[in-house]
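Protein chains get the first letters and strands the later ones, always in sequence-line order, with residue 1 at the start of each.
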Amino acid sequence: MSNAVEQVLKPKLAVEIAGLKLKNPIMPASGTFGYGEEYSPYIDLNQLGAIVTKGMSLNPKAGNNTPRICETVSGMLNAIGLQNVGVDAFIKDKMAFLSQYDTPVIVNFFGNTQEEYGEVAARLDDVPGVAALEMNISCPNVKHGGIVFGTDPQAAAAVVTSVRKRTTKPLIVKLTPNVTDIQILARATEEAGADALSLINTLTGMAVDIKTRKPRLANTIGGLSGPAIRPVAVRLVHQVVQAVKVPVIGIGGITCAADALEFLIVGAKAVQVGTANFVNPDAMATIIADLEKFCVEEGIADINDLIGTLEL
Amino acid sequence: MSNAVEQVLKPKLAVEIAGLKLKNPIMPASGTFGYGEEYSPYIDLNQLGAIVTKGMSLNPKAGNNTPRICETVSGMLNAIGLQNVGVDAFIKDKMAFLSQYDTPVIVNFFGNTQEEYGEVAARLDDVPGVAALEMNISCPNVKHGGIVFGTDPQAAAAVVTSVRKRTTKPLIVKLTPNVTDIQILARATEEAGADALSLINTLTGMAVDIKTRKPRLANTIGGLSGPAIRPVAVRLVHQVVQAVKVPVIGIGGITCAADALEFLIVGAKAVQVGTANFVNPDAMATIIADLEKFCVEEGIADINDLIGTLEL
Amino acid sequence: MQDLKTIVLSNQEISPGYYRMKILASGYSESAKPGQFVMLRVQRSFTPLLRRPFGVFQVGFIPADCDTLPPKEFIELVYKVVGGGTETMRELQSGDAVELLGPLGSGFTADASIAEKILVGGGIGLVPLYMLATELVKTSKVSLFVGGRTRDDIITISEFERLGVNVSVATEDGSLGETGFVTRLLEQRLEEPHQTEVFACGPMPMLDAVQKICATSEVSLQVSLEALMACGVGACLGCVVKGEGHTINEPRYLCSCTSGPVFNAESLDWNKTEAIKMVGGGK
Amino acid sequence: MQDLKTIVLSNQEISPGYYRMKILASGYSESAKPGQFVMLRVQRSFTPLLRRPFGVFQVGFIPADCDTLPPKEFIELVYKVVGGGTETMRELQSGDAVELLGPLGSGFTADASIAEKILVGGGIGLVPLYMLATELVKTSKVSLFVGGRTRDDIITISEFERLGVNVSVATEDGSLGETGFVTRLLEQRLEEPHQTEVFACGPMPMLDAVQKICATSEVSLQVSLEALMACGVGACLGCVVKGEGHTINEPRYLCSCTSGPVFNAESLDWNKTEAIKMVGGGK
Ligand SMILES: Cc1cc2nc3c(=O)[nH]c(=O)nc-3n(C[C@H](O)[C@H](O)[C@H](O)COP(=O)(O)OP(=O)(O)OC[C@H]3O[C@@H](n4cnc5c(N)ncnc54)[C@H](O)[C@@H]3O)c2cc1C
Ligand SMILES: Cc1cc2nc3c(=O)[nH]c(=O)nc-3n(C[C@H](O)[C@H](O)[C@H](O)COP(=O)(O)OP(=O)(O)OC[C@H]3O[C@@H](n4cnc5c(N)ncnc54)[C@H](O)[C@@H]3O)c2cc1C
Ligand SMILES: Cc1cc2nc3c(=O)[nH]c(=O)nc-3n(C[C@H](O)[C@H](O)[C@H](O)COP(=O)(O)O)c2cc1C
Ligand SMILES: Cc1cc2nc3c(=O)[nH]c(=O)nc-3n(C[C@H](O)[C@H](O)[C@H](O)COP(=O)(O)O)c2cc1C
Ligand code: FES
Ligand code: FES
């Protein structure tokens, strides 16, 4: 009895994804939390379920011309252009800081060709402290007319297969929402060897300055993120959970525990918080605390008992 | 000189779409303005560029179970289930009211099979007062496993071709945004005989009640509309304008003249206002007045001089 | 029916979480009928996006600032803070701008030949019954049965008493009046058959019980329903409720903003029907 | 660097459309350096979504309500209402909650060996120069050249004068001071070469002109830039500006929230480079 009371007082928030043990299901979304260090004055990185880094490429990338961001109604557009220090500099300069923490580090990465993807994965494979890789397949395949890998089931499967061969780390494949049928993509990447799927990346969007008649982003189009996109993200996660067996990580417009819970209830094993970090550097700490409160209030001893309990 | 001044004082807002002359580029979006009558106490229907009706089907449709709507951040989800009185009752009971106005009536319609689409179009073909048809192809094709017509280029082209044969009225095809490549769909429907394209219909979304763990809509998933989706809509309209020659009508999250102008600048010849009507029954009147003001301020004598002037 | 761009006159907490708001509303004293509602817009931004529906508690006049001017018409709402929209409302102060679409919907219709009227209100469901009571007391004997979770949820009853309404209270925790559900009070009153007419507003489980009791006693019942609403004018079809004769195969839906929010109980379907799911988010 | 959940102390209009806002900000009097900024969150809802960057105008202390308590530290912002975020700010009153992330970014660094300092401010660009002036006047002779469209855009100059700063004004419409651009004043001053150091903040065209003048006169220049910012801490990479040596083929971007907002003019690229467009909205 006293044991049961204690359990309710301190619900279990730990989840496991592809062998990765997370203290809780909350982690940042790639590109919104820098290399971890940037937010370390404001939030204790040891609290997080995992740390997900900015996307890494084989060579350093300078990124797009400016303006790169613009605010929209309850959302923002970005076309950063995947600016990053390159995988080698990352390993050399950024991993030491991240390794101080008792929190798994998930390295997000991408390439412009299938080969590049494989090579980045290979370079990260033997890096101690890298707990898992998250593969961003929302990039144009420069060898095939710039079609985005993640919108074509064949291309997506092929690139995942080739990365799978070059890494022994758990491989999370991050899906783009800008497709007709996400379930086809989800199954294709699962079969190609993904250990987990994460979604959604940003919705493609655009905004215009009506005075100058120019796009608000130098790149014309960009990725829409923030609370505005959450209903689309929840729907896609729901569909993917039904289509695959591997665990799914939900992303899109999460700002508070209630938002995170929508994803967990539809079946996401964990969630990533993106744009909300910009608004509240301690958003994830608040979410973790409030998740715990919610479990206590609802008498949930283990968050795993809540995951996927959507009633249809 | 005095002539030029006059022009600037009273800019020309009239536009033409597929032979249809509109007083201005502002009209309601289907399903958000009932049969026109519902909003006639609040806005003068003679002011509008056109009136677009709720979607009509061959037989009356009772619609979905409740709850049918739910609010999201800067948006709303709906799964009304296309409730309507049926095309015959519409012609008999609703057209007399609409015909009083000096405003073109565009009848939105849909079907569950290719034949149904054709039959509805045929029944509307000789109805006086119907200025044009808007064909909603975001419906599942019940004869082909429920795949949404508008997500499959072949199915979309086929259904447009068959409707084209049964109507002499201008045919506007309304595209769904839930596709990987909108340009393929736009070209396929243009080639099949669309006189104009309108977009976007709602983004598919979902929301969950975290207490009951049930979807907030009885139908589980629904359509997301409102300001939240505008950046996605602007991007899709921009892409479609570049892909086709027929005129394009922009839809999605328009609440004010500035929002409408984004669509016009990227190249939409007219726009539809949806969810904003619920918030402000006179939203369209305000938009028309403010469009005029904007033209005066910017020295635009004819709104057509502004359409498609995006600077890349 | 009009869309008034107007201002708040006052906004006061009357019980923990419950507020009364007076809004300047010219035309309402003539046009508003008991049981009607308004769609209120509380802020310029898009959070919250939609207007919120509120029953008309009462309409009236306040003296103008100057003798030579006509008195000002107001409408009064009573609301409970439950979420984002009502949170925003609670912060409004005298002079703040709001937009008021209305009066909307059907009202209650009393049968002049029936001398005794019973009102049944649950929590905030009391609101539309007050304006009704102001009319009914003119010609009938009126009783109010009001229920709530605790005594904090029993609001504005002294107002009803001042009209001469006979008020009986039930709270679930017994902190005021009888302990238990308000429907017990109705049941007791209707035990021995007598000619009366019932008007009810409150949570669905309460209305379900009221309907059963009235059906058993063969007493006529009008209910005011709360449905989710986007437009309030019959355009969105979001607010429907199931009408009498509704089945899964032949669904019958009634618009609760135009055919309602007040319905004769017989025109509604009181069976719990199963939800049907469609593939695709058809509108 | 901290994220303070704090309150507004005062918020006053000082010129049409320009406001001064004092915010309770413990720690700032020690930590804030001239040229630094804060990211301010002005409301709980998501419109506006992002925080807004504002330069630190000054830091200071106000007496506590009670003698035995320590005085309260405040930070003062001066802002111009230009859009949704600043519209919301204008409505804040003493006691309203705000969130303050900061102090952020690089500050100005003065060269102690140079006895004369020139500040050049355009419109609201004056803001970060005030706190800088409070430091510089301790050791140097300081002049301020300030420009704006009309005299309403010339703000807080009496504050500078009170510090002992020599203020010269130019307005485009001639409603205050010289008629024309502020850069004319700088040009005149630098006509005959002399040892000085320039600190400038204002619209890009003004900074472009200031940079040309200083480069010609071989005078060292620090500029504070305004870039669009989402995070303010170096995480989003949205705020970059082009660094010295930037080309289309070898772009060089500097984060203006961490490497800036104050930059040595030589570390920036002052050429107008063409925009490059990519297919796909890569992040
Ligand atoms: C005809 C009618 C009359 C009403 N009269 C009153 C009244 O006099 N006093 C009062 O306090 N409340 C009344 N309600 C309920 C009131 O509309 C809701 O409490 C309010 O909309 C909640 O908004 P929120 O943003 O605070 O809550 P949230 O829960 O954040 O609202 C989210 C969404 O749900 C809707 N919603 C939530 N609860 C209800 C509900 N019970 N009924 C309908 N929609 C709901 C909101 O409109 C909104 O779209 C009435 C409802 C209807 C339909
Ligand atoms: C380091 C720094 C210091 C600043 N200091 C001050 C100051 O002391 N006083 C002051 O009045 N303003 C200052 N600004 C500009 C101020 O941030 C913008 O005026 C403000 O964000 C506009 O927000 P809005 O919502 O009112 O306008 P909107 O135009 O609605 O803003 C829309 C978006 O554009 C951004 N934005 C608009 N204008 C600017 C701008 N000039 N610079 C950067 N972002 C902009 C907003 O942050 C927002 O994301 C500073 C900017 C920066 C980068
Ligand atoms: C500024 C910014 C940069 C991003 N960079 C990346 C990236 O490098 N790799 C990636 O996979 N996703 C990137 N994303 C997408 C986010 O990880 C996330 O999928 C998306 O923002 C949706 O979540 P949110 O609504 O919580 O922000 C970026 C998003 C933003 C806003
Ligand atoms: C309640 C509701 C009902 C709708 N019904 C229809 C419909 O019957 N036919 C149709 O083509 N689109 C329908 N739509 C989609 C709108 O016409 C429009 O494409 C969409 O809402 C996006 O515009 P908005 O953001 O301005 O609302 C409906 C939208 C809503 C919100
Ligand atoms: S609320 Fe829109 S039809 Fe009733
Ligand atoms: S504002 Fe985010 S990196 Fe500078």
Side-chain angles (χ1 to χ4, degrees), chain B residues 28 30-35 37-39 41-43 54-55 62-84 110 136 138-140 146 148 201-202 204-206 217-228 255 275 277-282, chain C residues 1-5 39-52 83-85 99 101-102 104 225 227-243 245-258 269 273-283:
Chain B
S30 174
T32 67
F33 207 64
Y35 300 100
E37 208 165 339
E38 293 83 349
Y39 275 109
Y42 309 106
I43 186 169
K54 176 78 193 154
N64 285 342
N65 200 350
T66 58
R68 291 180 170 186
I69 55 173
C70 103
E71 185 165 328
T72 63
V73 182
S74 298
M76 65 176 281
L77 287 167
N78 89 80
I80 304 301
L82 293 163
Q83 176 176 344
N84 78 94
F110 67 96
N136 171 5
S138 304
C139 297
V148 172
N201 212 316
T202 52
T204 314
M206 173 176 173
L217 298 176
N219 192 56
T220 304
I221 65 175
L224 183 66
S225 64
T255 65
T275 303
N277 294 312
F278 304 153
V279 184
N280 279 329
D282 62 356
Chain C
M1 289 174 301
Q2 46 175 340
D3 183 21
L4 273 185
K5 306 204 191 298
M39 295 291 285
L40 187 72
R41 184 163 189 217
V42 292
Q43 70 176 41
R44 302 259 36 148
S45 83
F46 297 110
T47 354
L49 176 66
L50 298 171
R51 290 179 183 233
R52 300 293 191 248
E99 291 172 34
L101 186 68
L104 299 168
L225 300 183
L228 296 170
M229 293 184 173
C231 72
V233 302
C236 74
L237 305 179
C239 66
V240 296
V241 294
K242 297 185 182 92
H246 173 94
T247 63
I248 297 189
N249 295 327
E250 286 201 40
R252 274 202 48 165
Y253 291 110
L254 302 172
C255 220
S256 89
C257 67
T258 51
D269 170 40
T273 45
E274 281 283 305
I276 345 163
K277 311 250 151 156
M278 287 175 49
V279 187
K283 271 133 318 252

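Using a distance-only test at 3.5 Å, with no hydrogens or angles considered, no donor-acceptor pair links the side chain of Gln83(B) to the main chain of Leu237(C). Side-chain N or O atoms of Tyr42(B) include none that pairs as donor or acceptor with a backbone N or O of Asn280(B) at under 3.5 Å. Between the side chain of Arg51(C) and the backbone N or O of Val279(B) there is at least one donor-acceptor pair closer than 3.5 Å. Formation of a donor-acceptor pair under 3.5 Å by the Ser256(C) side chain with backbone atoms of Cys239(C) is found in this model. When atom types are taken as modelled, the side chain of Asn64(B) and the backbone of Asn219(B) share no donor-acceptor pair closer than 3.5 angstrom.
Only the side chain of Glu99(C) comes within contact range of chain B, with at least one heavy atom under 4.5 Å from a heavy atom of that chain. With a 4.5 Å cut-off on non-hydrogen atoms, Tyr39(B) touches chain C through its side chain but not through its backbone. Heavy-atom distances place the backbone of Met229(C), and not its side chain, under 4.5 Å from chain B. For Ser74(B), the parts lying under 4.5 angstrom from a heavy atom of chain C are both the backbone and the side chain.
Each of Gly31(B), Cys70(B), Pro281(B), Pro41(B) has some count of heavy-atom pairs under 4.5 Å with chain C, and the biggest count is that of Pro281(B). With respect to chain C, the highest number of heavy-atom pairs below 4.5 Å among Leu77(B), Thr255(B), Thr72(B) belongs to Thr255(B). Taking Gly205(B), Pro67(B), Pro227(B) one by one and counting their heavy-atom pairs under 4.5 Å with chain C, the maximum is reached by Pro227(B). Contact tally against chain B (heavy-atom pairs below 4.5 Å) for Gly234(C), Gly232(C), Cys236(C): the top residue is Cys236(C).
Exactly one of Ser138(B), Ser225(B), Cys139(B), Ser30(B) qualifies for a side-chain contact (heavy atoms from CB on, under 4.5 Å) with Asn201(B). That residue is Ser138(B).
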